[in-house]
Structures are given as structure tokens and as C-alpha cells.
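I have placed the structure first, in the form of C-alpha cells, so that the comments after it can refer back to it.
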Amino acid sequence: MLRIGVLVSGGGTNLQAIIDGIVSGYIPDASVELVISNKKNAYALTRAAEANIETCIIGRKQFESPEAFDEALGDRLKSAKIDLVLLAGFMAILGPGFFTDFKNKVMNVHPALIPAFSGPGYYGLKVHESVLATGCKVTGASVHFVTPEVDAGPLILQQAVEVKQGDDPETLQCRVMEEAEWKIYPEAVRLFALGLLEVRGQRVYINN
Ligand code: GAR
């Protein structure tokens with residue numbers, strides 16, 4: 001059984017997609033054991049509670065340094081014996097120390113086709129605002145393994161999404177979630193649960 005821990009900050013629709021993927025059997029032999037939020041009002045916490053998943057709040061301001069915050073997150077995840085950590089709209093950056101225990105065991109979903117519109121400062125609606133301001137006709141979402149460099153870890157899956165003429169950042173965000181994020185994130189976790197992902201340098205091979 002793959003024990004999953006999910007880090008969240010907001011609405012938790014990607015968390016929901018993972019929970020639904022497990023409940024439906026699409027993601028085999030896995031369970032979300034713990035949801036950690038760095039924001040106490042995150043709606044993702046309600047979603048977790050409704051699914052009977054243990055939750056906890058660990059905020060950056062409780063700690064003197066980013067390293068102490070990372071250590072607290074890592075300790076909590078290790079004490080729950082978590083095998084795979086999913087960042088799902090988690091709006092904090094994890095430092096290098098976090099990855100000693102979780103190398104190639106942390107995934108993130110990003111709402112653009114990395115390396116476009118990614119890196120420090122590109123998160124949430126800001127990504128879609130930038131896509132529209134640039135006049136792109138195509139955007140999408142990416143799932144990748146997380147490394148200390150923001151949005152630069154090995155890519156697992158990407159899905160393109162059309163930008164439509166009438167789009168504003170909110171309509172584009174919704175389409176990217178529906179057509180890409182909520183599909184490729186459960187799919188990446190399914191492949192991990194089946195042991196089909198192999199990381200070689202910057203590339204991820206899917207052995208199916
Ligand atoms: C999602 O669009 C996710 O890709 C994005 O925040 C949103 C969270 O929504 N993450 C980032 O921008 C990370 N760089 P959710 O809380 O409903 O899953």
C-alpha cells in the first residue's frame with residue numbers, strides 16, 4: 001500500500017482528484033494518509049476531513065527559519081510513514097534539506113507547460129495572467145518530481161490546453177484544471193503506485 005501525504009494551501013481541487021482516483025480504483029493500492037496545510041483556512045482541509053483523512057496545519061511563521069519549517073514538515077510526514085508526497089497547490093518553497101529523505105518521492109502539479117511560465121513568482125492565477133498577456137494560443141499543465149530548484153525537476157506528464165479568444169485568467173484556469181491537471185496528476189500517481197516511473201537524470205521513463 002502506497003502511503004500518500006498531500007501538502008496544500010488552498011481550494012484542494014487537485015487533492016480531490018487524487019482522493020477520487022483512489023476511491024474509484026483508478027489509482028491502485030494507495031491511500032492518502034495525511035493532508036498538511038500551511039494555511040489554516042484552506043478549503044482543502046474540509047475536503048480532507050470529509051474523506052476522513054487526518055489533517056494538520058504547519059505554518060511557516062511558527063518557525064524561526066525556512067529550514068526549521070522544512071524539518072517540521074519532514075518529521076510529520078516521516079512519522080506518518082509517507083512514501084509519496086504530493087504538492088497540490090502548496091504555496092511555499094521547500095528547501096534542499098527536505099529532499100534528503102524524499103528524493104524522487106515528491107511530485108508537484110504546475111498550471112503551465114514547464115519550462116514556460118514557471119519558476120519563482122509563477123503560481124496560481126499569475127500563471128494564467130502571464131499566458132494571456134503573452135498572447136499564447138496553447139498552454140497546459142505539467143506534473144514533475146520536485147527538486148530544490150523551483151519547477152525544474154524531472155517532468156513526468158504534460159497536457160496541452162487551448163487558449164480561447166474570450167478567456168480571462170479565471171476561465172483559463174478552470175479549463176487547465178479540468179482538461180489537464182485533474183487528469184494528469186492522478187495518472188502520474190497511478191504510474192508511481194504501479195512502480196512504472198524511472199528517473200534517469202532529468203528524464204522520467206514510463207516502463208509500461
Ligand atoms: C492549481 O492550479 C495548481 O496547479 C496551482 O495552484 C492551483 C491549486 O488549486 N499550483 C501552482 O501554481 C504551483 N506553482 P487547488 O488547490 O484547487 O488544487
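Counting starts at 1 for both ligands and their atoms, in listed order.
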* Could you tell me whether the side chain of Leu157 reaches within less than 4.5 Å of the side chain of Lys183, counting heavy atoms only? => no
* Sub-4.0 Å atoms of ligand 1 with respect to non-hydrogen atoms of Gly11 -> 16 (O), 17 (O)
* **atom 9 (O) of ligand 1: the protein heavy-atom neighbour that sits closest, reported with distance to 0.1 Å** => Met177 CE, 3.4 Å
Pair up each side-chain donor or acceptor in residues 53-60 with any protein partner under 3.5 Å, not counting sequence neighbours, and list the distances.
unit_1	atom_1	unit_2	atom_2	d
Glu54	OE2	Arg76	NH2	2.5
Arg60	NH1	Phe63	O	3.0

* Asked: Counting only heavy atoms not in Gln202, do more than 12 sit closer than 6.0 Å to its CD atom?
  -> yes
* Atoms in ligand 1 with a heavy atom of Gly89 nearer than 4.0 Å -> 6 (O), 8 (C)
* Asked: At what distance is the nearest protein heavy atom to atom 16 (O) of ligand 1, and which residue and atom is it?
  -> Gly12 N, 2.8 Å
* Asked: With only distance considered, is Asn14 within less than 3.5 Å of ligand 1 through an N or O on each side?
  -> yes
* To do: Considering the heavy atoms of Gly124, write down every atom of ligand 1 situated less than 4.0 Å from one of them.
  => 11 (C), 12 (O)
* Structure fact -> Residues passing the salt bridge (Lys or Arg N to Asp or Glu O under 4.0 Å) test with Arg200, sequence neighbours excluded, are Glu198
* Asked: Does an N or O from His110, backbone or side chain, lie closer than 3.5 Å to an N or O of ligand 1?
  -> yes
* Where the closest heavy atom to atom 13 (C) of ligand 1 is concerned, which of Leu87, Val8, Val109 has it? -> Val109
* Decide yes or no for Ile18 and Tyr185: does some side-chain heavy atom of the first lie under 4.5 Å from some side-chain heavy atom of the second? => yes
* Protein residue, atom and distance nearest to atom 11 (C) of ligand 1, heavy-atom basis -> Pro111 CD, 3.7 Å
* Could an N or O of ligand 1 be found under 3.5 Å from any N or O of Val127, whether backbone or side chain? -> no
* Without swapping roles, check the side chain of Asp75 against the backbone of Ala72 for a donor-acceptor pair under 3.5 Å. => no
* **N-O pairing of Lys78 and Asp101 below 4.0 Å** => yes
* **Salt bridge flag under 4.0 Å for residues Glu50 and Arg47** => no
* Return yes or no for this condition: an N or O of Gln173 is under 3.5 Å from an N or O of ligand 1. => no
* Taking atom types as modelled, is there a side-chain donor on Glu33 or Ser31 under 3.5 Å from an acceptor on the other? -> yes
* To do: Using a 4.0 Å heavy-atom cut-off, say whether Tyr122 meets ligand 1 through its side chain, its backbone, both or neither.
  => backbone
* To do: Please indicate whether any nitrogen or oxygen in Glu181 is less than 3.5 Å from any nitrogen or oxygen in ligand 1.
  => yes
